[in-house]
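Quick notes on the structure that follows.
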Amino acid sequence: MKREHLIDIESREDIHKLVSLFYAKIRKDKMLGYIFNNMIHNWDEHIERLTDFWETNLLFVAKFKGNPIAVHQKVDKTFNGTITQEHFGNWLNLWFETIDQLHLGEKAEIAKRRARKMSTHLYIKMYESRVQDITVCPFLTEKSKNVF
């Protein structure tokens, strides 16, 4: 299908199709599949939850209730703090690719911008949770008494 024939994200059904196709790609991805497949035990439930999330974010239908920061911090802890910016970059690339495959328009672009902002914020919060109890200042060692 040519891109000029694609329509914008308009409904929960559009979001469900987008989220379903996206996570089918995630599950097969070399870098991300291992993480997601180990953390998610009920994919149907996960797809519905993420459909709620994106429906809330794109169509302003208040359905999603949850704490994405805490969930991502738990995932990072499960994998011993090995989640990197590269993981989030790969996630974003697959998200953009899937949106571009299915949709064209303002809401599709909003979905990309919000995903970019959320991924940055989630990564920062994951990183902060790694160091909050370890280091007061990231450029000083714990034993250093010299400030400058």
Side-chain angles (χ1 to χ4, degrees), residues 1-139 142:
M1 177 181 278
K2 293 185 179 183
R3 288 215 19 96
E4 63 265 9
H5 292 99
L6 297 178
I7 61 167
D8 204 359
I9 299 168
E10 298 174 343
S11 67
R12 179 175 178 85
E13 292 75 26
D14 291 341
I15 294 169
H16 188 272
K17 182 178 180 181
L18 170 64
V19 169
S20 297
L21 180 58
F22 171 67
Y23 279 103
K25 292 177 183 183
I26 290 286
R27 292 177 79 175
K28 294 175 186 172
D29 186 77
K30 287 181 190 178
M31 178 187 288
L32 300 174
Y34 178 77
I35 296 167
F36 280 84
N37 289 319
N38 277 288
M39 294 302 297
I40 298 168
H41 305 291
N42 184 334
W43 277 99
D44 291 338
E45 184 180 295
H46 186 72
I47 298 297
E48 286 304 313
R49 186 165 182 75
L50 273 290
T51 299
D52 288 349
F53 177 83
W54 284 106
E55 187 177 15
T56 298
N57 275 279
L58 295 174
L59 304 180
F60 306 108
V61 177
K63 288 191 176 180
F64 180 79
K65 291 177 177 53
N67 185 341
I69 293 171
V71 170
H72 285 80
Q73 288 171 335
K74 178 183 174 186
V75 170
D76 189 54
K77 188 171 235 169
T78 300
F79 288 92
N80 300 313
T82 59
I83 308 296
T84 67
Q85 293 176 38
E86 189 177 357
H87 290 95
F88 279 90
N90 196 27
W91 184 94
L92 275 174
N93 286 336
L94 289 171
W95 180 247
F96 285 17
E97 173 188 293
T98 309
I99 290 172
D100 289 343
Q101 185 178 346
L102 299 174
H103 297 287
L104 180 66
E106 183 180 359
K107 288 220 182 346
E109 293 305 313
I110 290 169
K112 291 177 188 178
R113 284 194 304 274
R114 290 198 177 147
R116 188 180 300 114
K117 287 179 182 180
M118 285 185 275
S119 68
T120 300
H121 184 70
L122 288 171
Y123 181 73
I124 289 169
K125 291 300 180 183
M126 279 178 23
Y127 182 79
E128 286 175 349
S129 74
R130 293 177 193 169
V131 299
Q132 69 187 6
D133 295 328
I134 299 169
T135 308
V136 176
C137 182
F139 53 83
E142 290 181 67

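Atom NZ of K25 has more than 12 heavy atoms from other residues, nucleotides or ligands within 6.0 Å.
Counting only heavy atoms from C-beta outward, the side chains of I47 and T51 approach each other to under 4.5 Å. Counting only heavy atoms from C-beta outward, the side chains of W43 and N37 approach each other to under 4.5 Å. Considering only heavy atoms from C-beta on, D14 stays 4.5 Å or farther from L18 through its side chain. With a 4.5 Å cut-off on side-chain heavy atoms, T78 and N38 do not count as touching. Put simply, the side chain of K107 reaches to within 4.5 Å of the side chain of L59, judged on heavy atoms. Y23 places a side-chain heavy atom less than 4.5 Å from the side chain of I26. Contact of the H121 side chain with the K125 side chain is registered, since non-hydrogen atoms from C-beta on lie closer than 4.5 Å. Counting heavy atoms from C-beta on, the side chains of K112 and D100 come closer than 4.5 Å.
The distance from atom OG of S119 to atom NE2 of H72, rounded to the nearest 0.5 Å, is 9.5 Å. Taking CZ of F53 as the reference point, atom CE of M118 lies at 4.0 Å (rounded to 0.5 Å).
With respect to F22, the ring pair (Phe, Tyr, Trp, His ring centres under 6.0 Å) criterion is satisfied by exactly one of W54, W91, F36, F96: W91. Each of K63, H16, R12, K65 was evaluated against D52; a single residue qualifies, R12, per the side chain to side chain donor-acceptor pair (under 3.5 Å) test.
For the pair T56 (side chain) and A62 (backbone), a donor-acceptor distance under 3.5 Å is absent. A donor-acceptor pair is defined here as one N or O able to donate and one able to accept, closer than 3.5 Å; such a pair exists between the side chain of N67 and the backbone of I69.
Looking only at atom types and distance, the side chain of S11 has a donor-acceptor partner in the side chain of E13 under 3.5 Å away.
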